[in-house]
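Being a predicted model, the structure only gives us computed values, none of them experimental. Because only heavy atoms are used, hydrogens play no part in the values below, and waters and symmetry mates are left out as well, while side chains stay in.
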Amino acid sequence: MHRFVAKANVDHFIGLLNGSDLTSDKRTNITKLLIAELDKLAHDLEHLEFAEKRVAEGRDRVNRVRDMRNGLPFGTAEREQAERLLVSCENLQTVLEDFCHRLRERGNSPGASIYAAPRRT
């Protein structure tokens with residue numbers, strides 16, 4: 001059950017982060033919550049398909065927002081807003097791709113949380 005809730009929370013936080021009406025502080029806090037939920041899923045490779053699907057959807061979103069931004073005239077408020085949205089989408093994409101990459105690595109080095117610093121011996 002907790003995996004279902006974690007996946008639902010991931011989708012919810014992605015939806016919030018895809019919005020353009022968040023303050024920087026709210027965006028930072030939601031990103032932290034997203035990472036915490038992703039970390040809950042990081043212990044089983046069975047979640048790799050879920051992660052890869054979110055990464056693919058994120059890439060599509062980045063491309064759509066980039067195309068929208070490119071269609072707006074330079075120097076307008078609309079272009080500036082689209083630029084901020086694009087940066088947000090790209091930042092979210094980085095988090096998702098990092099999670100997916102680390103989850104893939106998980107199969108090669110089981111044991112530690114994917115967001116924990118490596119242990120030194």
Side-chain angles (χ1 to χ4, degrees):
M1 180 68 157
H2 71 282
R3 291 178 187 151
F4 173 80
V5 173
K7 286 180 177 182
N9 285 341
V10 165
D11 288 339
H12 176 70
F13 295 141
I14 288 172
L16 291 174
L17 291 169
N18 280 329
S20 60
D21 59 342
L22 293 175
T23 65
S24 178
D25 288 340
K26 285 184 182 179
R27 187 169 300 282
T28 298
N29 289 334
I30 293 170
T31 300
K32 287 178 184 178
L33 293 170
L34 172 63
I35 290 171
E37 292 301 314
L38 290 172
D39 199 33
K40 292 176 185 176
L41 299 174
H43 302 289
D44 293 315
L45 285 175
E46 69 185 51
H47 302 297
L48 183 57
E49 183 179 342
F50 173 81
E52 288 175 336
K53 182 177 181 194
R54 296 315 176 273
V55 167
E57 292 168 351
R59 278 190 206 116
D60 290 343
R61 174 129 173 102
V62 167
N63 290 331
R64 283 193 311 273
V65 171
R66 184 177 294 122
D67 290 344
M68 178 193 64
R69 185 232 24 213
N70 290 343
L72 296 169
F74 286 97
T76 62
E78 292 83 8
R79 179 150 181 134
E80 290 176 17
Q81 183 178 11
E83 185 66 40
R84 286 190 300 274
L85 181 58
L86 178 59
V87 168
S88 295
C89 289
E90 289 172 337
N91 289 341
L92 173 58
Q93 188 64 19
T94 299
V95 169
L96 294 174
E97 287 180 3
D98 183 57
F99 170 71
C100 195
H101 175 73
R102 290 173 188 252
L103 189 55
R104 284 186 196 111
E105 286 181 346
R106 183 93 179 145
N108 298 328
S109 60
S113 166
I114 65 169
Y115 289 103
R119 292 183 182 174
R120 298 182 188 244
T121 55

For the atom pair [atom1] ([X]) and [atom2] ([Y]), what is the distance rounded to the nearest 0.5 Å?
{"X": "Glu83", "Y": "Phe74", "atom1": "CD", "atom2": "CZ", "value": "9.0 Å"}
{"X": "Leu86", "Y": "Arg61", "atom1": "CG", "atom2": "CZ", "value": "10.0 Å"}
{"X": "Glu49", "Y": "Arg54", "atom1": "CD", "atom2": "CZ", "value": "9.5 Å"}
{"X": "Arg64", "Y": "Cys89", "atom1": "CZ", "atom2": "SG", "value": "8.5 Å"}
{"X": "Leu96", "Y": "Ile14", "atom1": "CG", "atom2": "CD1", "value": "4.5 Å"}
{"X": "Ile30", "Y": "Leu22", "atom1": "CD1", "atom2": "CG", "value": "4.5 Å"}

request  = Measure across Met68 and Ala82 and return the closest heavy-atom pair with its distance rounded to 0.1 Å.
outcome  = CE-CB, 3.8 Å
key: Heavy-atom neighbours of Glu46 CD exceed 12 at 6.0 Å   = yes
ask   = How about Glu105 and His101: does a side-chain donor come under 3.5 Å of a side-chain acceptor?
value = yes
Please check this pair: side chain of [X] against backbone of [Y], looking for a donor-acceptor N/O pair closer than 3.5 Å.
{"X": "Arg27", "Y": "Leu17", "result": "yes"}
{"X": "Arg69", "Y": "Arg79", "result": "no"}
{"X": "Asn63", "Y": "Arg59", "result": "yes"}

ask   = Given Leu92, which of Asn18, Val62, Val87 fulfils the side-chain contact (heavy atoms from CB on, under 4.5 Å) condition?
value = Asn18
request  = Could you check if a side-chain atom of Asn9 sits within less than 4.5 angstrom of a side-chain atom of Leu33, using non-hydrogen atoms only?
outcome  = no
ask   = Side-chain heavy atoms under 4.5 angstrom apart, residues restricted to Ile, Leu, Val, Met, Phe, Trp, Tyr: same cluster for Leu72 and Leu85?
value = no
key: Audit row: Glu90, Arg66, side-chain contact (heavy atoms from CB on, under 4.5 Å) steps and yes/no   = CA-CA 10 Å; Glu90 289 172 337; Arg66 184 177 294 122; 3.0 Å; yes
message = The test is side-chain contact (heavy atoms from CB on, under 4.5 Å); show your working for Lys40 and His47 and say whether it passes.
response = CA-CA 10 Å; Lys40 292 176 185 176; His47 302 297; over 6 Å; no
message = Please determine whether side-chain contact (heavy atoms from CB on, under 4.5 Å) holds for the pair Phe99 and Leu41, giving the CA-CA distance in whole Å, both sets of side-chain angles, and the decisive distance to 0.1 Å.
response = CA-CA 10 Å; Phe99 170 71; Leu41 299 174; 4.2 Å; yes
message = One thing to verify: whether Lys7 and Asp11 come together as a salt bridge, which I'm taking to mean a side-chain N less than 4.0 angstrom from a carboxylate O.
response = no
message = Evaluate Leu38 against Val95 for side-chain contact (heavy atoms from CB on, under 4.5 Å), listing each step before the verdict.
response = CA-CA 10 Å; Leu38 290 172; Val95 169; 4.1 Å; yes
